[in-house]
Amino acid sequence: TSLRNEYLPFRINEKLEDFKGYTVDELQMNGSKIWKFTKDSKRFEFLMNQYKWFETVRLAIPNNIPRDVSIKVVPSKQGYLMEYIEPNRKPVKSDVPKLIEIIGKISYLKKNTNKFHTYISYIENIIKKYEIPYNFKTMFDILKKHESYANSRSSYCHGDLTFDNIIFNDERIILIDSNYKEAMWQS
């Protein structure tokens, strides 16, 4: 039986479909692998960014990402396959230094050439897109004031490092489902 409900109590149902999130149309088990796929070209671009992230960090943290990640394309479906890892324990306090070590191994992998203004523009576009009725001028003034500091501190990162995207296993701590975008400031 699946241990996901026991170790991830915020999940109500243990069906694989409940773990698919925004990026995919469907998850399928394929032997000991999961196939994350979509029919939508924008979501496929997001999946390819996740695949690129895995490929970039593979040498630095080979035991902390799924093994054998590969692109799979068939008529009307595209995505990637990755190792299925069953979580078998809850996170514990002693995992914190391990996670810090993992993050440290990837933070210097790739020099970020994007500037902080790309992140500010990204936030501005989200506010416009969703027509959020609030004046964010003060927030944007503060962000712009600290732009040069942020540019000097950028690093390579996961982009969505939450407990939803970390699998805790007796043997390994595995990072999944990054939110990496090459054309955006990351830290």
Side-chain angles (χ1 to χ4, degrees), residues 1-74 76-110 155-182 184 186-187:
T1 65
S2 174
L3 297 171
R4 288 186 188 267
N5 281 346
E6 181 181 345
Y7 291 104
L8 301 174
F10 47 86
R11 303 292 191 183
I12 296 167
N13 189 324
E14 65 179 29
K15 293 186 303 184
L16 191 59
E17 278 299 299
D18 293 337
F19 293 91
K20 72 179 184 151
Y22 165 77
T23 58
V24 298
D25 292 327
E26 191 175 334
L27 292 173
Q28 287 182 353
M29 287 297 293
N30 187 347
S32 62
K33 292 189 173 197
I34 291 180
W35 182 21
K36 296 179 68 168
F37 69 86
T38 184
K39 298 171 186 170
D40 179 88
S41 61
K42 287 191 183 243
R43 287 185 183 173
F44 181 64
E45 180 181 335
F46 193 89
L47 286 175
M48 289 302 91
N49 283 331
Q50 287 183 344
Y51 176 80
K52 288 175 192 174
W53 185 87
F54 284 132
E55 291 302 303
T56 301
V57 303
R58 177 165 310 290
L59 292 176
I61 55 169
N63 293 320
N64 303 108
I65 60 171
R67 296 179 180 117
D68 304 321
V69 180
S70 59
I71 297 171
K72 182 173 181 178
V73 177
V74 297
S76 78
K77 295 180 186 179
Q78 52 212 2
Y80 64 83
L81 286 166
M82 69 178 186
E83 169 193 25
Y84 174 76
I85 305 115
E86 184 73 34
N88 63 7
R89 68 177 181 84
K90 295 178 185 178
V92 293
K93 190 174 183 178
S94 63
D95 288 325
V96 173
K98 294 174 191 172
L99 284 168
I100 291 169
E101 180 183 349
I102 292 165
I103 293 164
K105 288 179 180 178
I106 66 172
S107 65
Y108 298 101
L109 278 179
K110 193 174 180 182
S155 62
Y156 193 74
C157 71
H158 181 277
D160 192 19
L161 196 57
T162 65
F163 284 122
D164 278 346
N165 295 329
I166 304 171
I167 298 172
F168 294 90
N169 185 285
D170 286 337
E171 300 169 14
R172 298 159 58 200
I173 295 175
I174 300 98
L175 308 183
I176 59 169
D177 294 344
S178 66
N179 189 9
Y180 172 70
K181 296 177 184 173
E182 278 189 314
M184 195 171 108
Q186 302 277 316
S187 191

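Start at 1 with the first residue, then count along the sequence.
Looking at heavy atoms from C-beta onward, Phe168 lies out of side-chain contact with Pro87 at the 4.5 angstrom threshold. The side-chain heavy atoms of Phe37 and Val73, taken from C-beta on, include no pair separated by under 4.5 Å. Between Ile166 and Ile174 the shortest side-chain heavy-atom distance does not fall below 4.5 Å.
Between the CG atom of Asp160 and the OG atom of Ser178 there is a distance of 8.5 Å, given to the nearest 0.5 Å. Going from atom NZ of Lys36 over to atom OH of Tyr80 covers 3.5 Å, rounded to the nearest 0.5 Å. Between atom CD1 of residue Ile34 and atom CD1 of residue Ile176 there is a gap of 7.5 Å, rounded to the nearest 0.5 Å. The line from OG1 of Thr56 to OH of Tyr51 is 10.0 Å long, rounded to the nearest 0.5 Å.
Note on ring orientation: taking the six-membered ring where Trp is involved, the planes of His158 and Trp53 are perpendicular (angle over 60°, cut-offs 30° and 60°).
In terms of the side chain to side chain contact (heavy atoms under 4.5 Å, CB included) criterion, residue partners of Phe44 (sequence neighbours excluded) are, by chain and number, Thr38, Met48, Gln78. For Lys72, the side chain to side chain contact (heavy atoms under 4.5 Å, CB included) partners two or more places apart in sequence, or in a different chain, are Asn30, Trp35, Val74, Leu81.
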I'd like a table of donor-acceptor pairs (distance under 3.5 Å, sequence neighbours excluded) in which one partner is a side-chain atom from residues 60-71, with atom names and distances.
from, atom 1, to, atom 2, distance (Å)
Asn64, ND2, Ile173, O, 2.8

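Among Val57, Ile102, Asn165, Ile103, the one residue that satisfies the side-chain contact (heavy atoms from CB on, under 4.5 Å) test with Leu175 is Ile102.
Here Asp95 pairs with Arg89 in a salt bridge; the nearest charged N to carboxylate O distance falls below 4.0 Å. Ion pair Glu83/Arg172 flagged as a salt bridge, since at least one NZ, NE, NH1 or NH2 atom sits closer than 4.0 Å to an Asp/Glu carboxylate oxygen. Of the charged side-chain nitrogens involved, at least one lies within less than 4.0 Å of a carboxylate oxygen, so that Arg58 and Glu55 count as a salt-bridged pair.
Between the Asn88 side chain and the Asp170 main chain, a donor and an acceptor come within less than 3.5 Å of each other.
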